[in-house]
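Presented below is the structure to which this report refers.
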Amino acid sequence: MEELRSQPDGLDAAELARLLELHPNTVRWHLGILADAGIVRSQPAARSKPGRPRILYTLTREGAGRAADEHRLLATIFAGALSGLDDGAARAEEAGRAWGHYLVAREPLTKATDDEAVEVVVELLEQQGFAPAADGHEIHMHRCPFHELAEAHPEVVCPVHEGLISGALNALGSDLEVEGLDIFVRPDLCIARLATSRAARAEMPLTE
């Protein structure tokens with residue numbers, strides 16, 4: 001279901017078998033069960049030459065909804081587990097930081113300016129569904145992809161978002177760091193406040 005969700009145009013059994021490292025017959029058997037349950041549908045692919053057409057499988061609307069529900073359930077379980085740990089917030093932030101670092105591609109040995117770093121972070125957050133906008137060294141996020149979960153477990157969900165930004169800034173070699181995260185300033189607004197890091201300030205030449 002996850003592979004089909006990522007390919008809205010559909011995949012055939014052979015492609016799914018390769019992606020999942022399963023035998024095509026095994027995949028066809030599972031597809032048959034999913035089709036009987038109304039979760040996937042099949043249709044012949046368009047063809048430009050004679051011969052037997054490929055049969056493409058896609059998720060139905062019900063199937064796509066189930067996939068989203070499963071992700072919400074998994075996220076809720078993990079958030080609940082982390083919130084019960086004494087160091088849950090720190091673990092959540094570290095996980096977010098690792099992903100922020102991973103998601104930002106940067107040429108080695110290059111250092112982003114403040115404006116470049118903010119632009120890249122805003123683009124990253126846009127890709128993740130935060131509807132962000134930059135205002136100087138503030139990033140205004142007008143949508144939380146995990147709004148309900150953040151309301152229930154802000155102590156672990158919000159540190160993930162803070163870590164995501166911090167990890168991206170670090171990957172960019174930026175002098176900026178997250179100074180603070182203002183949560184739900186309004187129901188549709190969280191603000192990440194960025195500032196020059198202590199290490200960068202310490203390296204600045206003193207002025208008379």
Geometric class of the Phe184/His147 ring pair [parallel <30°, tilted 30-60°, perpendicular >60°]: tilted
Same apolar cluster (I L V M F W Y, side chains within < 4.5 Å links), Val122/Val185: no
Value rounded to 0.5 Å, distance of CD1 in Ile39 from CG in Leu31: 11.0 Å
Sub-4.5 Å side-chain heavy-atom contact between Met141 and Leu181: yes
Which atom of Cys144 lies closest to which atom of Ala150, heavy atoms considered: SG-CB, 4.1 Å
Separation between CG of Leu16 and NE2 of His30, rounded to the nearest 0.5 Å: 11.5 Å
pair Ile55-Pro44: side-chain heavy atoms closer than 4.5 Å: yes
Glu3, CD: over 12 other non-hydrogen atoms inside 6.0 angstrom: yes
Distance, nearest 0.5 Å, that separates NE2 of His101 from CG of Leu169: 11.0 Å
Minimum heavy-atom distance between Gly38 and Thr60, given as atom pair plus value: O-OG1, 2.7 Å
Asn25, CG: over 12 other non-hydrogen atoms inside 6.0 angstrom: yes
Heavy-atom side-chain contact between Leu34 and Leu4 under 4.5 Å: no
Ala112 versus Ala117, closest heavy-atom pair with distance: CB-N, 4.1 Å
Glu138 side chain reached by Asp182 side chain, heavy atoms, under 4.5 Å: no
Glu151 atom CD, over 12 foreign heavy atoms within 6.0 Å: yes
His153 NE2 to Leu82 CG distance, which is reported to the nearest 0.5 Å: 10.0 Å
Contact check, side chains of Leu172 and Glu116, non-hydrogen atoms, under 4.5 Å: no
Salt-bridge present (Glu94, Arg91; N to O < 4.0 Å): no
Derivation and outcome, salt bridge (Lys or Arg N to Asp or Glu O under 4.0 Å), residues Glu15 and Arg18: CA-CA 5 Å; Glu15 291 167 331; Arg18 177 178 55 81; 5.7 Å; no
Beyond-backbone contact of His161 with Cys190, side-chain heavy atoms, under 4.5 angstrom: no
Single-linkage hydrophobic cluster, 4.5 Å side-chain cutoff, Val160 and Phe130 together: no
Side-chain heavy atoms of Thr26 within contact of Leu20, under 4.5 Å: no
Considering all heavy atoms, the nearest Ala168-Leu124 contact: CB-CD2, 3.8 Å
Worked verdict on Asp135 versus Ile191 for side chain to side chain contact (heavy atoms under 4.5 Å, CB included): CA-CA 10 Å; Asp135 183 3; Ile191 299 175; over 6 Å; no
Note, Leu85 side chain near Val156 side chain (heavy atom, < 4.5 Å): no
Path from Leu56 to Leu11 over hydrophobic side-chain contacts below 4.5 Å: no
Leu189 with Leu149, same ILVMFWY side-chain cluster at under 4.5 Å: no
Value rounded to 0.5 Å, distance of CD in Glu177 from NE2 in His137: 12.0 Å
Gln128 and Leu103: CA distance, side-chain angles, deciding distance, side chain to side chain contact (heavy atoms under 4.5 Å, CB included) verdict: CA-CA 11 Å; Gln128 303 306 315; Leu103 291 172; 4.1 Å; yes
Closest contact, heavy atoms only, Pro8 versus Thr58: O-CG2, 3.7 Å
Path from Leu164 to Val178 over hydrophobic side-chain contacts below 4.5 Å: yes
Minimum heavy-atom distance Ala89-Glu155, with the two atoms named: CB-O, 3.4 Å
Nearest-0.5 Å distance that lies between atom CZ in Arg28 and atom CG in Asp12: 8.5 Å
